[in-house]
Amino acid sequence: MKFLTIRMKVTLWYAFFMLILILISFLIISELSKKAMVTNQKENLTETVADGMRDLESPSSFEYFENGIYLMLYDKNKVYIKGIIPDKFSNEISLVSDYVQNIKSNGQNFYVYDKYFKKGKESYWMRGVVPQSQEDPIGFFIVNFVSKFLPIFVMVTCLIGYFITKRAFRPVRKIQETAQSIADGNKLFLRIGLPEGKDEIAKLGETVDNMLEKLERSFEKEKQFTSDVSHELRTPITVILTESEYALEHAKSVEELKESMLVINRQSNKMSVLVNQLLFFARSDNNSFVLNKETFEVLPVILEVVQEYTRLAKVEDIEISVNNNLSANLYITVDKLLFIRSLSNIIQNAINYGKPKGSVDISISQNNNYIMIEIKDDGIGIGSENIKKIWDRFYQVNESRNKTKSNNIGLGLSMVKMIMEKHNGYVNVESTINKGSIFTLYFPL
Ligand code: ADP
């Protein structure tokens, strides 16, 4: 059984149950027909005896054989008068009134029916005997049919069953072939593409296609991520190498050496920031990531972060304001470092992508479930075509412009999103190009 295909197994089971069903039906029919035949024979016997009794005028005119029934006449003392005794039937068998007996005599079975009755002044016994019939026409037909047609019937059933299952299993074969092609050739773009349907296999095909779609996308993202990381690391490494080579070979004074060291230091810092960010993602992607939660008052921490960015904002000629809508001192329990990091990333972006002489307005409020920190700028804004992509790792709307503005490399917002998810909160953005953006952080209380 192990080596058979499911198609073959289903066919065999189907044929087997079909066969059993047919045999059981035939058995039941033949039993019923046998029973009907016996009842028929017994009724015939009792009716013929009754007819014989009614028609009897005198023992001399007595008819002996009717409807296949042998009739015998006895006097009231059970002494045999007249009749025909069937072959093999012993006349010694005693007379019993009103009851069809099942008698075996000399290897042959008989039904025997005796009746005591009065005719005129005389009393008699009438006996009817019929050899039990061995032949049941329906049973005979069944045996005949089974022996002649059943093998053909089973073969036809098997063939039909095989073709039906083959048809039914065609989608499964398609799923298997697609999976095989993907495994053989790394062709993650392949799809099963079953026609739409409500049955389980169509649903399975659809689910596998969806899964392949997601796999392909995440595979592409992974590839993109690796290439982005290499790209981001290559630039500072190249600068460090050329600068150090230049310093070693051509620097003539301490000043020149210092200048080179400064460049190397800046690039090393950039690499260090990138490596730390990558480390954060690596840890966050891992399920073992644990939040280091602590309870603290929100407002002072927010004010501290804002304070840190005041100088940078001044350089860009941007004014930061904080609007506190909290009615009382509010405490939250979150990972403080990550809370600060998410807030800093959004404020830094608001300054980076703000316009000179512009403003960044931060407002803090609370509803039943969340503390909401809204950071609003009046800067370049984000087009609707990019609004979904800004959360992707390394995605920058305008890469070259962003690069010249800061050392950022497109990881800030994906980090914010990750931090919010880890806290069961979320981040929302509304933005209009050339008008500004509003980022809102929702931390659950
Ligand atoms: P980056 O390091 O480039 O700032 P982020 O992940 O923080 O990376 O942001 C992704 C991109 O989203 C940015 O490069 C920028 O194009 C866009 N962006 C983020 N914040 C703002 C904002 N406040 N205004 C306009 N564009 C923004």
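Start at 1 and go down the list; that is how both ligands and their atoms are numbered. Since this is a predicted model, take the numbers as computed values, not measurements.
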Q: Can you label the angle between the F225 ring and the F394 ring as parallel, tilted or perpendicular, going by 30° and 60°?
A: tilted
Q. Parallel, tilted or perpendicular: which describes the rings of Y246 and H250, with under 30° parallel and over 60° perpendicular?
A.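 The rings of Y246 and H250 sit tilted, inter-plane angle from 30° to 60°.
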Which ligand 1 atoms does [X] reach within 4.0 Å, using its non-hydrogen atoms?
{"X": "I409", "answer": "2 (O)"}
{"X": "Q396", "answer": "1 (P), 2 (O), 3 (O), 14 (O)"}
{"X": "G412", "answer": "5 (P), 6 (O), 7 (O)"}

**Q.** Test ring pair (Phe, Tyr, Trp, His ring centres under 6.0 Å) applied to F443 and Y331, Y426, F339, F296, the passing residue
**A.**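 Considering Y331, Y426, F339, F296, a ring pair (Phe, Tyr, Trp, His ring centres under 6.0 Å) with F443 is found only for F339.
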(Q) Could you report the tightest heavy-atom contact between S344 and Y309, atom names first, then the distance? (A) CB-OH, 3.3 Å
Q) Which option out of G410, S431, G379 puts a heavy atom nearest to atom 8 (O) of ligand 1? A) G410
Q.
Among Y395, F439, W391, which one puts a heavy atom closest to atom 11 (C) of ligand 1?
A. Y395
Q. Where on I380 is there a heavy atom closer than 4.0 Å to ligand 1, on the side chain, on the backbone, on both, or on neither?
A.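 Within the 4.0 Å criterion, I380 contacts ligand 1 through side-chain atoms alone.
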Is [X] close to ligand 1, meaning an N/O of one under 3.5 Å from an N/O of the other?
{"X": "I382", "value": "no"}
{"X": "L413", "value": "yes"}
{"X": "D377", "value": "yes"}

Q. Do F89 and Y70 make the cut of ring centroids closer than 6.0 angstrom?
A.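 When the ring centroids of F89 and Y70 are compared, they turn out to be at least 6.0 Å apart.
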Q.
Donor-acceptor check, side chain of S321 to backbone of D361, threshold 3.5 angstrom: yes or no?
A.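 Checking the backbone N and O of D361 against the side chain of S321, no donor-acceptor pair under 3.5 Å is found.
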Q) When you measure from the centre of the six-membered ring of F281, is the NZ or CZ of R393 under 6.0 Å away and within 45° of the axis? A) yes
